[in-house]
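See below for the structure under consideration.
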Amino acid sequence: MTRPRKRLGVNIDHVATLRQARRGQVPEPAAAAAIAELSGADGITVHLREDRRHIQDRDLAVLKQVVTTRINLEMAATGEMTRIACGFKPYSSTLVPEKREEITTEGGLDVLGHRDAMVQSVARLKQAGILVSMFIDPELPQVRASRQAGADAIEIHTGTYCEAFRTGMYEAELAKIRAAAAFASTAGLKVFAGHGLDVRNIVPILGIPEIEEFNIGHSIIARAVFLGIAGAVKEIADLVHGA
Ligand code: PXP
């Protein structure tokens, strides 16, 4: 079976983080989104956090006007966020766990433990025509629970694998991702991956056939400080599209 080309979603939250450092107007996340698209991004991802620490509500409205590919909205499965998402109608939404005190998203969603709460949000989002993805650790019970909650897709949390990659001892974590991807695909779920990925650690992950989309933020924006957004997006887009 020939598989479609893998996709790169560029997370632009950290452009907004820089702007919010001065509560000013620059840098404009929508400008970053436009350059990312011109440089090979297949989609733009933003996380509207409950504390609005980076992306603001106005950014969603501006992005809606500017983005010509797909918008993926990361969000907590709360009533407020579900209402905003249903009004905003992104192409897809990714349900993520959210704690106010965390620096970034820590670990995957416990769909198994909170399935009843998830079912409601998933149903409302799907009714609004939004593809729903669950950001989960590569654990089979969480994959199964995501399917039972009605999700269309899972995004495998690659953070633990990325930490292991730095030590060189990453095979066990890679095997978990491989197993979760195969299991999810067999269960009829689309499979995405993200968190902590960069131009080096993504290479072994690109060999997993079921993973069709990668959402990458921090490493791209970090390299963009030196290479520009166009250069930083292009180098990882070339890797993803060449896989
Ligand atoms: N996917 C999800 C669900 C996330 O929460 C994040 C972080 O916002 C990412 C991908 C991107 O992670 P990173 O910024 O480490 O590339």
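None of the values given here were measured: they were computed from a predicted structure. One-based numbering, in listed order, for ligands and for the atoms of each.
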If you count the atoms of ligand 1 from 1 in the order shown, which ones are under 4.0 Å from a heavy atom of [X]?
| X | result |
| --- | --- |
| Ile216 | 16 (O) |
| Asn11 | 8 (O) |
| Val96 | 3 (C) |

If you measure from atom 1 (N) of ligand 1 to every heavy atom of His195, His218, Glu98, Glu155, which option wins on shortest distance?
Glu155
Non-hydrogen atom of Glu74 closer than 4.0 Å to ligand 1
yes
Taking a cutoff of less than 4.0 Å between a non-hydrogen atom of the residue and any ligand atom, is Gly196 in contact with ligand 1?
yes
Polar-atom distance check: Leu197 versus ligand 1, any N or O pair below 3.5 Å?
no
Check whether any side-chain N or O of [X] sits under 3.5 Å from a backbone N or O of [Y] as a donor-acceptor pair, and report yes or no.
| X | Y | result |
| --- | --- | --- |
| Lys64 | Phe88 | yes |
| Glu155 | Ser133 | no |
| Thr158 | His195 | yes |

Does CD belonging to Glu80 count more than 12 external heavy atoms closer than 6.0 Å?
yes
Given His241, Arg70, Lys6, Arg7, the one that forms side-chain hydrogen bond (donor to acceptor under 3.5 Å, both in side chains) with Asp42:
His241
Would you be so kind as to tabulate the donor-acceptor pairs closer than 3.5 Å made by side chains of residues 173-189, with sequence neighbours excluded?
from, atom 1, to, atom 2, distance (Å)
Glu173, OE2, Lys176, NZ, 3.1
Thr186, OG1, Ala182, O, 2.8

